[in-house]
Enquirer: 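For reference, the structure I am asking about is given below.
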Amino acid sequence: MAVKDYLRERFLPHMWCPGCGHGEVLGGLVRAIENLGLSKNEIVMVSGIGCSSRISGYVDFHTLHTIHGRALAFATGVKISRPELKLIVPMGDGDALAIGGNHFIHAARRNLDMTAIVMNNRIYGMTGGQFSPLSGENISATTAPYRTIDRGFDVVELAKAAGATFVARSTTYHVQQMTETIQKAITHKGFSVVEVLTQCPTYFGRKNKIGGAADMITWFKDNTTPIGSKAKQENAALIERGIFVQIAAPEYCEEYQKVVERATKGRK
Amino acid sequence: MGNTIKFVQGNEACVEAALYAGLDFFAGYPITPSTEIAELLAYRLPQIGGKFIQMEDEIASLCAIIGASLTGRKVMTATSGPGFSLMQEALGYAVMTEIPCVIANVQRGGPSTGIPTHVSQGDINQARWGTHGDHAIIALTASNHQDVFAMTVEAFNLAETYRTPVILLFDEVVGHMREKLVLPAAGEIPLVDRLRTSVKEGVDYHPYLPREDGRLPMSDFGGVHRYNVTGLVHDMWGFPSTDPQTVHGLLRHLVDKLENRANEIARYREYHLEDAEIVMISYGSSARSALHVVENRRQRGERMGLLELQTLWPFPSEMVRQKCAHAKSVVVVEMNMGQIMQSVKLAVAHPERVFLANRIDSNFITPSDIMNILRIIQGKGV
Ligand SMILES: Cc1ncc(C[n+]2csc(CCOP(=O)(O)OP(=O)(O)O)c2C)c(N)n1
Ligand code: SF4
């Protein structure tokens with residue numbers, strides 16, 4: 001199938017601003033699914049609210065566009081009900097880790113077989129440029145006119161600590177790597193998290209005087225490096241890319257079957 | 001073979017009924033006085049291959065069952081005041097997306113953490129208007145365990161029929177009290193399964209295009225029809241829309257599908273209403289005391305009757321107006337500050353003849369409480 005066969009042409013053009021990174025994530029995601037040769041009927045995409053979450057409207061899967069921050073909770077219900085379905089959950093940084101932070105850590109803890117993609121633009125795009133828990137310090141935002149003092153989360157560290165069994169990071173500059181990473185995440189049995197650094201030129205770029213989309217993507221190129229690279233050893237400020245965690249652990253739906261077996265033992 | 005008879009708590013009657021109705025997915029978070037529902041289902045559901053999950057909070061619980069319902073399961077969650085407050089946004093989502101689900105709220109005293117272990121009926125209007133925006137909702141209640149069973153089965157049937165969340169507004173007394181329950185045999189109470197689309201694979205399926213009768217046939221997630229579900233105002237494809245005609249059409253549909261059928265959805269019991277000059281209206285555990293008073297006064301020859309509401313929302317205004325048409329006074333008995341009384345006043349021809357007999361100190365309203373209030377209403381002094 002060609003990439004366009006995975007899209008709902010009826011609902012295009014999309015609503016994203018010119019230069020928005022969310023479209024690149026959509027591209028990478030669809031190519032990953034194409035490479036895996038998955039059937040459209042076996043994929044359920046669940047998203048919350050935000051510019052990023054609109055991604056679910058454009059793909060021709062079973063799509064559930066829910067409420068802000070709760071996508072993983074809805075996805076949990078779908079997955080436990082129908083373990084054979086492939087669950088993909090794209091989320092904005094605010095969606096995933098501010099309002100949705102609790103569901104994020106608990107989904108990771110359970111190790112449900114699903115893929116969470118955190119589309120991290122370090123800002124609330126949809127509501128017009130307020131800071132997020134991933135903005136980090138010294139960032140300008142409409143709710144931080146004197147710059148942020150809030151420390152940011154590190155998605156990778158948080159996901160690891162919460163028990164995710166696949167944790168990776170990529171960027172919209174490294175499209176090839178992003179696609180491959182998402183592919184591996186989808187194939188992974190268990191809760192997989194892929195953080196994709198993506199650009200919001202409209203708010204983050206403008207507010208922080210980084211420039212347009214091209215400048216922001218270049219920033220990803222210049223400020224990230226493969227995990228454990230020599231460059232990282234020389235410059236600790238660089239952000240690492242790649243797969244941080246990939247381990248086998250009991251998956252929730254499979255474990256649930258054991259509960260059913262224990263409950264039915266000795267019964268007809 | 002006779003029916004099985006059990007001696008159970010109301011919460012257990014609710015569980016028996018949910019399983020009878022075909023419940024096979026439950027997600028919840030513990031809270032008094034509803035916890036027994038989750039505990040019993042954690043035990044029972046795996047035995048029949050059903051799914052039980054304890055979520056991280058009540059928001060997640062409701063979200064999870066909505067997701068599971070979309071895949072074709074009959075779903076439920078159970079909670080109490082604070083948890084019900086947390087559920088309000090997701091409740092609106094289920095209303096907007098028309099996804100069947102059942103939410104049991106075993107009421108305790110509020111507001112806030114309130115009185116966890118004591119009775120109240122303070123969430124009646126929250127069930128109606130707790131989630132934002134114009135909408136309609138179904139809420140049912142019961143005063144005894146046989147009716148808890150019947151109304152729980154009804155809740156599933158109505159949820160599947162009208163594609164709507166249905167709220168079971170039980171209260172602490174009914175939830176925790178023990179009494180006899182006769183389990184109906186399989187097939188004794190009819191069960192409703194959701195309408196599923198007959199549209200074949202490869203043919204356009206419009207998930208949000210109501211049929212002439214207002215109903216929307218569903219297609220299970222994971223099946224042959226792939227479509228979009230969103231809490232945004234949406235068109236017949238389930239795709240976001242801001243077209244004023246679409247907005248208007250959707251809101252009217254969501255409200256009309258229930259409000260226009262208030263008579264059909266009305267479930268109630270009546271006692272001695274034929275010639276009643278004093279009509280008591282009550283529901284839930286309060287109705288037990290009200291019934292006691294009515295039976296007692298009837299023996300003394302007083303023309304008193306009881307209308308016990310089981311459907312609280314959509315409020316059965318027409319039925320209530322008819323039943324109260326010849327009443328000299330209407331006495332609403334409830335354990336709150338008059339939440340159903342307000343709706344009764346709006347429904348009847350003579351709102352000035354409507355009185356409230358209530359108790360709000362977290363104690364159960366007794367027959368003598370009601371009798372004392374009646375003496376005042378009747379001008380007999382305390
Ligand atoms: C309960 C609730 N609170 C607030 C909002 C408003 N809101 C919509 S999207 C959003 C944040 C979007 O930011 P992010 O998740 O980072 O995604 P982006 O738009 O940047 O892709 C907020 C606060 C909402 N829809 N629901
Ligand atoms: S506001 Fe930012 S995140 Fe939203 S579409 Fe525009 S560029 Fe993308």
Side-chain angles (χ1 to χ4, degrees), chain A residues 8 10-11 15 40-47 49 53-54 56-87 99-100 102-103 105-107 109-110 112 252-253 256-265 267, chain B residues 24-27 42-73 75 77 89-94 96-97 99 101 201 204 219-232 234-235 237-240:
Chain A
R8 289 177 171 145
R10 178 180 290 124
F11 303 141
M15 51 76 77
K40 295 196 280 188
N41 277 350
E42 63 181 313
I43 303 176
V44 178
M45 184 181 282
V46 186
S47 65
I49 296 293
S53 293
R54 286 301 192 93
S56 57
Y58 306 129
V59 290
D60 188 18
F61 309 132
H62 302 282
T63 57
L64 185 55
H65 179 239
T66 66
I67 51 181
H68 194 31
R70 319 295 174 195
L72 285 168
F74 283 89
T76 298
V78 175
K79 182 68 186 179
I80 292 176
S81 173
R82 296 279 307 268
E84 71 279 15
L85 296 173
K86 291 238 173 277
L87 270 290
I99 192 162
N102 198 31
H103 309 305
I105 56 174
H106 287 279
R109 172 179 66 80
R110 290 187 189 102
L112 269 160
Y252 196 87
C253 296
Y256 189 82
Q257 271 320 108
K258 294 183 187 163
V259 172
V260 171
E261 276 157 35
R262 288 202 284 273
T264 49
K265 207 187 277 168
R267 294 166 61 92
Chain B
D24 59 358
F25 191 106
F26 179 97
Y43 184 73
R44 297 281 295 275
L45 274 172
Q47 294 177 340
I48 54 167
K51 313 278 179 163
F52 170 92
I53 180 168
Q54 180 168 314
M55 294 299 288
E56 52 272 22
D57 59 28
E58 289 85 349
I59 302 174
S61 301
L62 183 49
C63 295
I65 68 165
I66 294 170
S69 178
L70 254 187
T71 69
R73 287 182 187 265
V75 303
T77 184
E89 189 191 8
L91 177 63
Y93 183 82
M96 185 60 138
T97 54
I99 299 177
C101 55
E201 180 169 13
D204 268 347
S219 173
D220 295 347
F221 256 42
V224 297
H225 298 294
R226 297 177 302 275
Y227 58 97
N228 191 50
V229 175
T230 179
L232 287 166
H234 45 269
D235 60 17
W237 301 103
F239 203 71

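Letters go in sequence order (proteins before strands), and every chain restarts at 1.
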Enquirer: Which atoms of A/V260 come close to chain B, meaning under 4.5 Å heavy atom to heavy atom: side chain ones, backbone ones, both, or neither?
Expert: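 It is both, since atoms from each part get that close.
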
Enquirer: Within the distance-only criterion (no hydrogens, no angle test), does the side chain of B/Y43 pair as donor or acceptor with the backbone N or O of A/A263 below 3.5 angstrom?
Expert: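 It does not hold such a pair.
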
Enquirer: Considering only heavy atoms and a distance below 4.5 Å, find which of B/I65, B/V75, B/I59 pairs most often with chain A.
Expert: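 Going by pairs under 4.5 Å, I would pick B/I59.
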
Enquirer: A/Y58 vs B/F239 aromatic rings, parallel, tilted or perpendicular, using cut-offs 30° and 60°?
Expert: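 Correct class here is tilted.
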
Enquirer: Does the distance from a Lys or Arg side-chain N to an Asp or Glu carboxylate O, for A/R10 and B/D204, drop under 4.0 Å?
Expert: yes

Enquirer: Quick one: which of A/V44, A/I105, A/T66, A/V259 has the most heavy-atom pairs under 4.5 Å with chain B, could you say?
Expert: A/T66

Enquirer: Looking at B/A68, B/S69, B/G50, which makes the most heavy-atom pairs under 4.5 Å with chain A?
Expert: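 Heavy-atom pairs under 4.5 Å are most numerous for B/A68.
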
Enquirer: So do the side chains of A/I80 and B/F25 get within less than 4.5 Å of each other, counting heavy atoms only?
Expert: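 The answer is yes; the side chains approach within 4.5 Å.
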
Enquirer: Is there a side-chain contact between A/T63 and B/R226 (heavy atoms, below 4.5 Å)?
Expert: no

Enquirer: Please determine, among A/H106, A/Q257, A/E84, the option with the most heavy-atom pairs under 4.5 Å with chain B.
Expert: A/H106

Enquirer: Heavy-atom pairs under 4.5 Å with chain A - which of B/D24, B/V224, B/D220, B/L45 has more of them than the others?
Expert: B/V224

Enquirer: Would you mind telling me which of B/A60, B/G222, B/G67 has the largest number of heavy-atom pairs within less than 4.5 Å of chain A?
Expert: B/G222

Enquirer: For B/R73 and A/S81, indicate whether the former's side chain and the latter's backbone hold a donor-acceptor pair under 3.5 Å.
Expert: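 Answer holds: yes.
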
Enquirer: Need one label for A/R110: side chain, backbone, both or neither, based on atoms under 4.5 Å from any heavy atom in chain B.
Expert: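 Contact with chain B is through the side chain of A/R110 alone.
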
Enquirer: State, with a plain yes or no, whether a side-chain heavy atom of A/T76 is found less than 4.5 Å away from one of B/E56.
Expert: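 With C-beta onward as the side chain, the pair stays apart.
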
Enquirer: A/K40 versus chain B, heavy atoms under 4.5 Å apart: side chain, backbone, both or neither?
Expert: both

Enquirer: Using a 4.5 Å cut-off on heavy atoms from C-beta on, say whether the side chain of B/C63 contacts that of A/I67.
Expert: yes

Enquirer: Which class fits the ring pair A/H62 and B/F221: parallel under 30°, tilted 30 to 60°, perpendicular over 60°?
Expert: tilted

Enquirer: Find out whether B/L70 and A/F74 are in side-chain contact, i.e. whether some heavy atom of one side chain is under 4.5 Å from a heavy atom of the other.
Expert: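 The answer is no, as the side chains (C-beta and beyond) never meet within the 4.5 Å cut-off.
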
Enquirer: Please state whether the side chain, the backbone, both or neither of A/Y256 comes within less than 4.5 Å of a heavy atom of chain B.
Expert: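 For A/Y256, the side chain is the part near chain B, not the backbone.
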
Enquirer: With side-chain contact (heavy atoms from CB on, under 4.5 Å) as the criterion, how do A/R54 and B/L232 come out once you've worked through the C-alpha distance, each side chain's angles and the decisive distance to 0.1 Å?
Expert: CA-CA 11 Å; A/R54 286 301 192 93; B/L232 287 166; 3.4 Å; yes

